[in-house]
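Owing to the predicted nature of the structure, the values given are computational and were not obtained by experimental measurement.
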There are 2 protein chains.
Amino acid sequence: MEPPEIDYDAMESPSRQIAAWIRSRIESGDIAPGRKIPSETELVQAFGVARTTARRAVALLRDEGWVVTVAGRGSFAAERRPGG
Amino acid sequence: MEPPEIDYDAMESPSRQIAAWIRSRIESGDIAPGRKIPSETELVQAFGVARTTARRAVALLRDEGWVVTVAGRGSFAAERRPGG
DNA sequence: TTATATTTGTCCGTATGTATG
DNA sequence: ACATACATACGGACAAATATA
């Protein structure tokens, strides 16, 4: 699935737009539970954003319970949906 | 028994996946107490990983008490299970 | 004793990925 | 945006321990 372009005129921040895209991939099953989501570097390249922005997007998903982060390895789709 | 393929997108690191495979062989009795586990070189060939990774897998099992290592000879399934 | 092969031990450096300040 | 640290993996080189011919 191709990442959408960031809309810098939108009310939603770039980091939230990226988070929403990853979240939709998890919800649709494109990224199955326990599977790796794109790395920060890959998000930077795919969306053309700063690393900080990519990190914030992943942090949002982590705070929401959508992903689990393992230091040195990456972030992975949670085994169960938040509130599931 | 054929070694499983390493899943590089899984949450579990390659070294832990290899350790889990060896551990299961010991637990099932496939590798009896005192018997030799695969050498680092054999693990490298079987899983297609670097020796560093194979060594880490064995080190994990050693730390957990599943195997005993003898320099120049190899690693062997412990006589008794960890915590047994 | 010497030589060779196997296996583990110990370094080196490079790359990737996340954590923290 | 940057620097540093940590975790993990890859690849290579050589040493030490062990076993066998």
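Side chain of B:Arg25 to main chain of B:Ala20: no donor-acceptor pair is present (N/O by atom type, distance under 3.5 Å, no hydrogens or angles). Under the 3.5 Å distance criterion, the side-chain polar atoms of A:Arg55 are left unmatched by any main-chain donor or acceptor of A:Ala50.
D:dA1 makes up no base pair with any nucleotide shown, lacking Watson-Crick or G-U wobble contacts both under 3.5 Å.
One atom, CG of B:Leu60, and another, P of D:dT8, lie 8 Å apart when rounded to the nearest Å. One interatomic measurement links the two molecules: CZ of B:Phe76 to C1' of C:dT7, which rounds to 10 Å at whole-angstrom precision. Put simply, CZ on A:Arg55 is 10 Å from C1' on C:dG17, counting in whole angstrom units. One interatomic measurement links the two molecules: CD1 of B:Ile6 to P of D:dT8, which rounds to 15 Å at whole-angstrom precision. In this structure, CG of B:Leu43 is placed 15 Å from C1' of C:dT6, rounded to the nearest angstrom. B:Ile37 has its CD1 atom 12 Å from the C1' atom of C:dT7, to the nearest Å. Distance, B:Arg62 CZ to C:dT7 P: 16 Å, rounded to whole Å.
When all heavy atoms of B:Glu64 and B:Pro82 are compared, the pair lying nearest together is O-CB, 3.0 Å. Nearest approach of B:Ala10 to A:Arg73, heavy atoms of both residues: O-NH2, 2.7 Å.
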Problem set entry | Where protein sits on nucleotides 9-21 of chain D, one letter per nucleotide: B base, S sugar-phosphate only, - none, heavy atoms under 4.0 Å | SBB-B---BSS--

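A:Arg62 pairs by the salt bridge (Lys or Arg N to Asp or Glu O under 4.0 Å) definition with nothing, not counting sequence neighbours. Evaluation of the side chain to side chain contact (heavy atoms under 4.5 Å, CB included) rule for A:Ser39 yields A:Lys36, A:Thr41, A:Glu42 as partners, not counting sequence neighbours.
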